[in-house]
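Following: one structure in structure tokens, then a few remarks.
In the text below, chain A, chain B and the rest are named by the order of the sequence lines, each starting its count at 1.
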2 protein chains.
Amino acid sequence: MTFLTHIQSIIPVSEELRDALHNITLIKTVKKGQLLIRAGEYCHDIYFVESGLLRGFYYQEEKEITNWFAREGEFATSFYAYITKATSTETIEALEDCELLQLPYTNLQQLYTRFPETERLGRILTENYYVKLEGRLLGLQFTTAKERYDNLVKQNGPLVLRAPLGQIASYLGITQETLSRIRAKQ
Amino acid sequence: MTFLTHIQSIIPVSEELRDALHNITLIKTVKKGQLLIRAGEYCHDIYFVESGLLRGFYYQEEKEITNWFAREGEFATSFYAYITKATSTETIEALEDCELLQLPYTNLQQLYTRFPETERLGRILTENYYVKLEGRLLGLQFTTAKERYDNLVKQNGPLVLRAPLGQIASYLGITQETLSRIRAKQ
DNA sequence: GCGGTTATTTGACTTATATCAAATTCCAAT
DNA sequence: ATTGGAATTTGATATAAGTCAAATAACCGC
């Protein structure tokens with residue numbers, strides 16, 4: 001799924017807008033293990049994942065807590081830091097070699113001004129992410145660790161094979177020992 | 001905090017836009033205990049709370065789970081249902097007598113089209129709600145029941161006095177017995 | 001392929017919070 | 001003020017998941 005296809009599924013893209021989108025984005029390739037943003041830095045960019053897998057995590061008393069995964073066709077950024085212009089508490093790491101499109105903040109703001117229809121794009125993307133997040137919150141609050149894992153597998157099957165156990169466990173809000181035991185019982 | 005003041009703190013409001021905002025919103029007063037949307041219905045409106053207190057909740061095995069509270073100066077809707085046009089799983093209830101501004105979906109869509117700068121408004125409001133929700137998710141995942149309650153009191157002090165214990169407990173993801181015990185220890 | 005690091009599994013024990021049940025307090029309508 | 005029902009508190013017990021520690025297993029660079 002390319003960037004343009006993804007955008008076109010949300011708003012109509014004119015010739016002009018297509019050129020603009022092309023001009024304001026940068027192609028970025030990163031190797032497995034590389035960091036895109038470190039905790040404490042400012043977050044100037046949104047990334048669109050063309051291929052590969054990223055994760056966002058932060059430190060909670062020495063431990064890494066994975067906050068999200070982003071696969072092909074998804075956007076990734078330290079959302080809070082990007083929106084509020086505060087320093088990021090998150091670190092973003094490539095879990096695999098990735099091909100990314102980088103969308104710098106100032107370019108995006110110019111895009112919003114020059115093509116007001118892209119405000120809609122921003123709004124709809126944010127709405128979609130909100131709805132997803134809300135679903136996750138409810139799951140966290142009212143399902144057992146096993147149910148959460150089963151749901152993740154159902155919705156995100158292959159992801160489970162691509163990311164290490166400890167990262168998936170912290171994403172689900174459980175320890176890796178607990179996740180290991182859940183897996184052991186089939 | 002009036003609706004207009006709130007909007008003006010986010011985007012500049014022209015004479016024209018102000019009139020439009022006035023024309024597309026309806027004043028609605030509801031009495032304590034009244035329901036604005038029931039689970040299973042479609043959600044056609046966003047409400048802005050001029051005064052009073054609302055909550056959104058849904059049923060989880062016979063029990064009511066409070067999903068959010070909305071006070072003066074905040075927006076309220078069954079977000080998922082409003083965005084996706086699916087039927088709502090949430091019920092919205094007035095916890096106090098309320099004065100609301102009602103913003104019907106079709107009117108809002110027309111506003112977006114007629115005043116493209118309002119797309120920015122929609123985007124920014126959604127972004128803000130996303131950031132809030134993310135904070136809540138992290139809290140839920142990595143703090144104890146007591147810490148979550150203390151944070152709620154810190155951030156939302158008076159709310160705690162306005163809503164009944166059971167509703168606050170389910171919002172925090174704990175049972176009312178646990179919340180009662182937390183309160184008992186100061 | 002070998003050695004060393006890192007990730008995962010397994011075990012024993014602890015703890016926060018849930019559950020079920022009963023007692024008490026609060027409050028609104030008469 | 002009195003009363004009945006709801007909300008809250010308190011108590012006893014159960015349980016899911018955490019913690020700490022050690023044993024395996026998987027992976028990576030040489």
Subject >> Distance, rounded to the nearest Å, where B:L172 contributes CG and C:dA16 contributes P >> reply: 18 Å

Original post:
Parallel, tilted or perpendicular for B:Y82 and B:Y105, by the 30°/60° rule?
Top reply: perpendicular

Original post:
Nearest to the side chain of A:E177, which nucleotide is it out of D:dA21, C:dA21, C:dT8?
Top reply: D:dA21

Subject >> Distance-only donor-acceptor test (3.5 Å): side chain A:R181, base D:dT19 >> reply: yes

**OP:** Nearest whole angstrom, please: distance from the P of D:dA7 to the NZ of B:K63.
**Re:** 15 Å

Original post:
What residues, two or more places apart in sequence or in another chain, satisfy salt bridge (charged side-chain N to carboxylate O under 4.0 Å, His left out) together with B:D19?
Top reply: none

**OP:** Step through the shown structure and confirm whether more than 12 heavy atoms of other residues, nucleotides or ligands are within 6.0 Å of NZ on A:K32.
**Re:** no

Subject >> A:Q176, nearest nucleotide to its side chain (from C:dT8, D:dT19, D:dA17) >> reply: C:dT8

**OP:** Rounded to the nearest angstrom, tell me the gap between atom CG in B:L165 and atom P in C:dT24.
**Re:** 19 Å

**OP:** Respond yes when some side-chain nitrogen or oxygen of B:T175 is under 4.0 Å from OP1 or OP2 of C:dA18, and no when none is.
**Re:** yes

**OP:** Say whether A:Y171 and A:R55, considering side chains only, have a donor N or O and an acceptor N or O under 3.5 Å apart.
**Re:** no

Subject >> Phosphate contact (D:dT8 OP1 or OP2) by B:S180 side-chain N/O below 4.0 Å >> reply: no

**OP:** Specify the separation, in whole Å, of atom CD1 of A:I182 and atom C1' of D:dG18.
**Re:** 13 Å

Subject >> Donor-acceptor pair between B:S88 and B:S78 side chains, under 3.5 angstrom >> reply: yes

**OP:** Report yes if a side-chain nitrogen or oxygen of A:T144 is closer than 4.0 Å to either non-bridging phosphate oxygen (OP1 or OP2) of D:dA16; otherwise report no.
**Re:** no

Original post:
Does the side chain of B:T178 get closer than 4.0 angstrom to OP1 or OP2 of C:dT17 through an N or O atom?
Top reply: no

Original post:
Rounding to a whole Å, what distance do you find between B:K32:NZ and C:dC27:C1'?
Top reply: 10 Å

Subject >> Atom pair distance, as rounded to whole Å: CG in A:L179 and P in D:dT19 >> reply: 15 Å

Original post:
Taking atom C1' of D:dA7 as reference, at what distance in whole Å does atom CZ of B:R183 sit?
Top reply: 11 Å

**OP:** Using atom NZ of A:K185 as one end and atom P of D:dA17 as the other, report the distance to the nearest whole Å.
**Re:** 9 Å

Original post:
How is B:I174 classified with respect to the nucleic acid when contacts are heavy atoms under 4.0 Å: base, sugar-phosphate, or nothing?
Top reply: sugar-phosphate

Original post:
Any donor-acceptor pair under 3.5 Å linking the side chain of A:E50 with the backbone of A:F3?
Top reply: yes

Subject >> Aromatic ring pairing B:Y129/B:F75, orientation class (parallel under 30°, perpendicular over 60°, tilted between) >> reply: perpendicular

Subject >> Contiguous pairing runs of three or more, Watson-Crick or G-U under 3.5 Å, that involve DNA chain D >> reply: C:1-30 with D:1-30

